[in-house]
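Because only heavy atoms are used, hydrogens play no part in the values below, and waters and symmetry mates are left out as well, while side chains stay in.
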Amino acid sequence: MKTVGIGLIGCGNISDTYLKGIAEFDILDLRGIGDLNADLAVAKAQDCGVRARSLEDIYADPDIEIIVNLTIPKAHAAVATQSLMAGKHAYSEKPLAVSFAQGKALVETAAQRGLRIGAAPDTFFGGAHQAARAIVDAGTLGPLVGGTAFFMCPGHERWHPNPDFYYQKGGGPLLDMAPYYITDLVNLCGPVARVTGVATLPRTERLITSAPRKGERIAVEVATHISALLEFANGAVITLTTSFDVAGHKHSPLEVYGTEATLLVPDPNGFGGAVQLIEKGGEFRDVAIDLPYSDGNYRAIGVADMAYAIRNDRPHRASGDLALHVLEVMEAIMESSERGAAVTLTTTTARPEALAGDLVNMKLAK
Ligand SMILES: NC(=O)C1=CN([C@@H]2O[C@H](COP(=O)(O)OP(=O)(O)OC[C@H]3O[C@@H](n4cnc5c(N)ncnc54)[C@H](OP(=O)(O)O)[C@@H]3O)[C@@H](O)[C@H]2O)C=CC1
Ligand SMILES: O=C1CO[C@H](CO)[C@@H](O)[C@@H]1O
C-alpha cells in the first residue's frame, strides 16, 4: 500500500513520543518536522535523524498528506486550519481546540474541503481499553448504570519544562486530561447527553519546580479542580473529577457499573494496564488482554489509523466528530458551573469502531 506523507509541527515535550510512534507504523512516511522555534526543530531533527523544515515548506509540500499538530492547545485551531487550507488532512494533539466554537469551525472547514480532521487521544486503541470495550459489547455488564472517572494530581509544573499552557485557556486539568477519560468513556458507553459541573480555582498562582524555569511563577487563568456528572445517552450517570490541586488519592482511574457487573479500566492516559471485572456475587478477576497495543506507548496510532482510513476509504476512529463531542462535554461542564444548571449537549457521536476488524497479524494494517 502506498505510504502517507506526514509533516509534524510542534517539536516540544511530546514530540519524541510521536517520532518514535510514527516510525513504528509502515504506512506513515515522515517527510519533515517544524516548529515556530526553528532552532528547536533543527536540534530535534539532528537528535532523531529526521529532516527539519520551515513551516511554509511543510504546508507547501505536495507529498505531505497529513499534518500532525503537536503545538500548545491555544495554537491547535490555527495550525489545523492552515493545514486544511493547504489541502492537508489535519491531526492535532488534544484538545481539538480551546473552544467548542473553534472546534466546530474546524470540523466544518474539513468537511467543506473534503479533508479529514482528527485528534488525540488515541489511547483508546490500546489493548486494555479495547479489551474493556469487548466486555461491554458482550453484554457482560448488563444495562449500564453509572461509573466514576478520576484524574487528580498536584499539577504539571513539577516536571514539564515549559508548563505555562497548562494554566492558560485550553489547559487546566479538564481540557488537558479529561479528553483521555471522556474519550474512553464514549468508546465504552457511547455519547453524553447532558452534564452538570462545579469548577473551582483554589490557587491563582503556581510555582514552577521543574528545570529550567524553577522558581518562576505562572498566573492561573483556568479552574484547576472540577467535578462533574455526565449523563450518557444510554442513561448511565458517571462522576468525573479532574484536579491539579490534589497531593494523591486512591480512586481507580475509571470504573463502569452495569446492573450485572462492574468493570475497572486502567489509566486512559496509557494503552495497557489491568482490566478487572466483578460479576454479581463473584470476586474481582483480571480480564485476559489478548489484544495488541497494550505493552507500550503507541501514540500516533490514531494518525496511522487515519492514514489507513484514507487509503481504504473508511472512517478513521480518532475523528473530528468524536473530539468535538468531547470538547463540547468539557465546555458544557464549565458552562454548567457558571450557570448553576445542567447543560444539554448539541452534539452526539457514534462510538469509534472496535479495533479487531482492522488488524492483520495483530497489527493495524487496514
Ligand atoms: N508533554 C506531554 O507529556 C504531553 C503533551 N500532550 C499534548 O501535546 C501538545 C504539546 O505539548 P508539549 O509537547 O508538552 O508542549 P511544548 O510546549 O513542550 O511544545 C509545543 C511546541 O509547539 C510550538 N508552537 C507553539 N505554537 C506554534 C505554532 N503556531 N506553530 C508551530 N509551532 C508552535 C512551541 O514553540 P514555542 O515554545 O516557541 O511557542 C513548542 O516548541 C499539547 O496539546 C499537550 O496537551 C499530549 C500528551 C503528553
Ligand atoms: O496529555 C498529557 C498526558 O499526560 C501528561 C501528564 O502525565 C500531561 O502533561 C499531558 O498534557
Would Ile238 and Thr148 count as a side chain to side chain contact (heavy atoms under 4.5 Å, CB included) here? Give the steps. CA-CA 5 Å; Ile238 299 192; Thr148 56; 5.6 Å; no
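- The nearest pair of heavy atoms linking Ile218 to Pro163 is CD1-CG, 3.8 Å.
- Contact of the Leu263 side chain with the Thr140 side chain is not registered, since no non-hydrogen atoms from C-beta on lie closer than 4.5 Å.
- Side-chain contact check for Asn312 versus Asp358: every heavy-atom pair is 4.5 Å or farther apart.
- Side-chain rings of His225 and Phe244 stay apart, their centers remaining 6.0 Å or farther from each other.
- Among Val265, Leu254, Val326, the one residue that satisfies the side-chain contact (heavy atoms from CB on, under 4.5 Å) test with Tyr181 is Leu254.
- Ser336 places a side-chain N or O within 3.5 Å of a backbone atom of Gly197 that can act as its donor or acceptor partner.
- The two residues Ser294 and Ala128 come nearest to each other via the heavy atoms CB-N, 3.9 Å.
- Every pair passing salt bridge (Lys or Arg N to Asp or Glu O under 4.0 Å) that includes a residue from residues 281-301 is listed here, sequence neighbours excluded: Glu279-Arg285.
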Audit row: Gln102, Leu106, side chain to side chain contact (heavy atoms under 4.5 Å, CB included) steps and yes/no: CA-CA 6 Å; Gln102 239 184 24; Leu106 267 178; over 6 Å; no
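- Residues Glu157 and Glu216 fail the side-chain proximity criterion, which asks for heavy atoms closer than 4.5 Å.
- Neither side chain, Asp321 nor Thr349, offers a donor N or O lying under 3.5 Å from an acceptor on the other.
- Met85 and Val107 fall into different hydrophobic clusters, where Ile, Leu, Val, Met, Phe, Trp and Tyr residues are linked whenever their side-chain heavy atoms come under 4.5 Å apart, directly or through other members.
- Between Asp245 and Arg203 there is a side-chain heavy-atom pair separated by less than 4.5 Å.
- Contact record, Asn234 with Ala236: OD1-N, 2.9 Å, taken as the closest heavy-atom pair.
- For His160, the ring-ring contact (aromatic ring centres under 6.0 Å, His included) criterion is met by Phe165, Tyr166, not counting sequence neighbours.
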I'd like to know whether Val256 forms a side chain to side chain contact (heavy atoms under 4.5 Å, CB included) with Leu185, so could you lay out the CA-CA distance, the side-chain angles of the two residues, the decisive distance to 0.1 Å, and finally the verdict. CA-CA 9 Å; Val256 180; Leu185 286 170; 4.3 Å; yes
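- The CG atom of Asp61 sits 7.0 Å away from atom CG of Asp57, with the distance rounded to the nearest 0.5 Å.
- To the nearest 0.5 Å, atoms CG (Leu19) and CD1 (Ile6) are separated by 11.5 Å.
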Assess the residue pair Asn297 and Thr17 against the criterion (side-chain hydrogen bond (donor to acceptor under 3.5 Å, both in side chains)); give the C-alpha distance rounded to whole Å, side-chain angles, the decisive distance to 0.1 Å, and a yes or no. CA-CA 8 Å; Asn297 190 344; Thr17 307; 4.5 Å; no
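- His89 places no side-chain N or O within donor-acceptor distance of the main-chain N or O of Leu115, the cut-off being under 3.5 Å.
- Applying the salt bridge (Lys or Arg N to Asp or Glu O under 4.0 Å) test to pairs two or more places apart or on separate chains, those with a residue in residues 108-125 are Lys104-Glu108.
- With hydrogens and angles disregarded, a donor-acceptor distance shorter than 3.5 Å links the side chain of Glu221 to the backbone of Lys169.
- With Lys44 contributing its side chain and Ser15 its backbone, the two residues share no donor-acceptor pair below 3.5 Å.
- Remark: Glu260 CD is packed, more than 12 non-hydrogen atoms of other residues, nucleotides or ligands lying under 6.0 Å away.
- Annotation: side chain of Ile33 is not in contact with side chain of Arg53 (no heavy-atom distance under 4.5 Å).
- Side-chain N or O atoms of Glu93 include none that pairs as donor or acceptor with a backbone N or O of Ile72 at under 3.5 Å.
- In plain terms, the two heavy atoms of Ile226 and Ala199 that are nearest each other are CG1-CB, 3.7 Å.
- Rounded to the nearest 0.5 angstrom, Cys11 SG and Tyr18 OH are separated by 13.5 Å.
- Nearest approach of Ser99 to Leu327, heavy atoms of both residues: O-CD2, 3.3 Å.
- Judged by distance alone, the side chains of Glu255 and Ser252 do bring a donor and an acceptor atom under 3.5 Å apart.
- In this structure, Val4 and Arg311 have side chains that are in contact, with non-hydrogen atoms separated by less than 4.5 Å.
- For the pair Asn361 (side chain) and Lys363 (backbone), a donor-acceptor distance under 3.5 Å is absent.
- Rounding to the nearest 0.5 Å places NE2 of His325 at 9.5 Å from OG1 of Thr183.
- Between Tyr293 and Phe125, a ring centre-to-centre spacing not shorter than 6.0 Å is recorded.
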Working note: Asp164 + Arg206, criterion salt bridge (charged side-chain N to carboxylate O under 4.0 Å, His left out); need CA distance, chi angles, decisive distance, verdict. CA-CA 9 Å; Asp164 310 64; Arg206 311 287 295 217; over 6 Å; no
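- The hydrophobic clustering, which links ILVMFWY residues whose side-chain heavy atoms are closer than 4.5 Å, places Tyr91 and Val79 apart.
- In this structure, OH on Tyr180 lies 9.5 Å from CG on Asp267, to the nearest 0.5 angstrom.
- Residues His156 and Asp176 are in side-chain contact: their nearest non-hydrogen atoms beyond the backbone lie under 4.5 Å apart.
- Clustering ILVMFWY residues whenever any of their side-chain heavy atoms sit less than 4.5 angstrom apart, transitively, puts Leu277 in the very cluster that holds Val275.
- Atom CD1 in Ile182 sits 12.0 Å away from atom SG in Cys189 (nearest 0.5 Å).
- Summarising the geometry of Leu175 relative to Ala97, their closest heavy-atom pair is CD2-O, 4.3 Å, with the distance given to 0.1 Å.
- Side-chain contact between Arg317 and Leu355 is present, with heavy atoms from C-beta onward closer than 4.5 Å.
- When hydrophobic side chains of Ile, Leu, Val, Met, Phe, Trp and Tyr are connected at separations under 4.5 Å, Leu229 ends up clustered with Val237.
- Every residue meeting the side chain to side chain contact (heavy atoms under 4.5 Å, CB included) condition with Thr204, not counting sequence neighbours, appears here in chain and number order: Leu201.
- The backbone N or O of His76 lies less than 3.5 Å from a partner atom in the side chain of Asn69, making a donor-acceptor pair.
- When atom types are taken as modelled, the side chain of His316 and the backbone of Ile117 share a donor-acceptor pair closer than 3.5 angstrom.
- Aromatic ring pairs are classed by plane angle as parallel below 30°, tilted from 30° to 60° and perpendicular above 60°; the pair Phe150 and His249 is tilted.
- Connection of Val68 to Ile9 is not established within any shared hydrophobic cluster, with ILVMFWY side chains joined at heavy-atom distances below 4.5 Å, either directly or through further cluster members.
- Remark: of the listed residues His129, Arg133, Gln130, Gln130 is the sole one forming a side-chain contact (heavy atoms from CB on, under 4.5 Å) with Leu291.
- Ile64 and Leu28 are not part of a single hydrophobic cluster, where members link through side-chain heavy atoms under 4.5 Å apart.
- With hydrogens and angles ignored, the 3.5 Å screen pairs a side-chain donor or acceptor of Thr123 with a backbone N or O of Pro268.
- Under a 3.5 Å cut-off, the side chain of Arg351 and the backbone N or O of Asn187 do form a donor-acceptor pair.
- Hydrophobic clustering, defined by side-chain heavy atoms of Ile, Leu, Val, Met, Phe, Trp and Tyr closer than 4.5 Å, groups Ile278 together with Leu264, Phe284.
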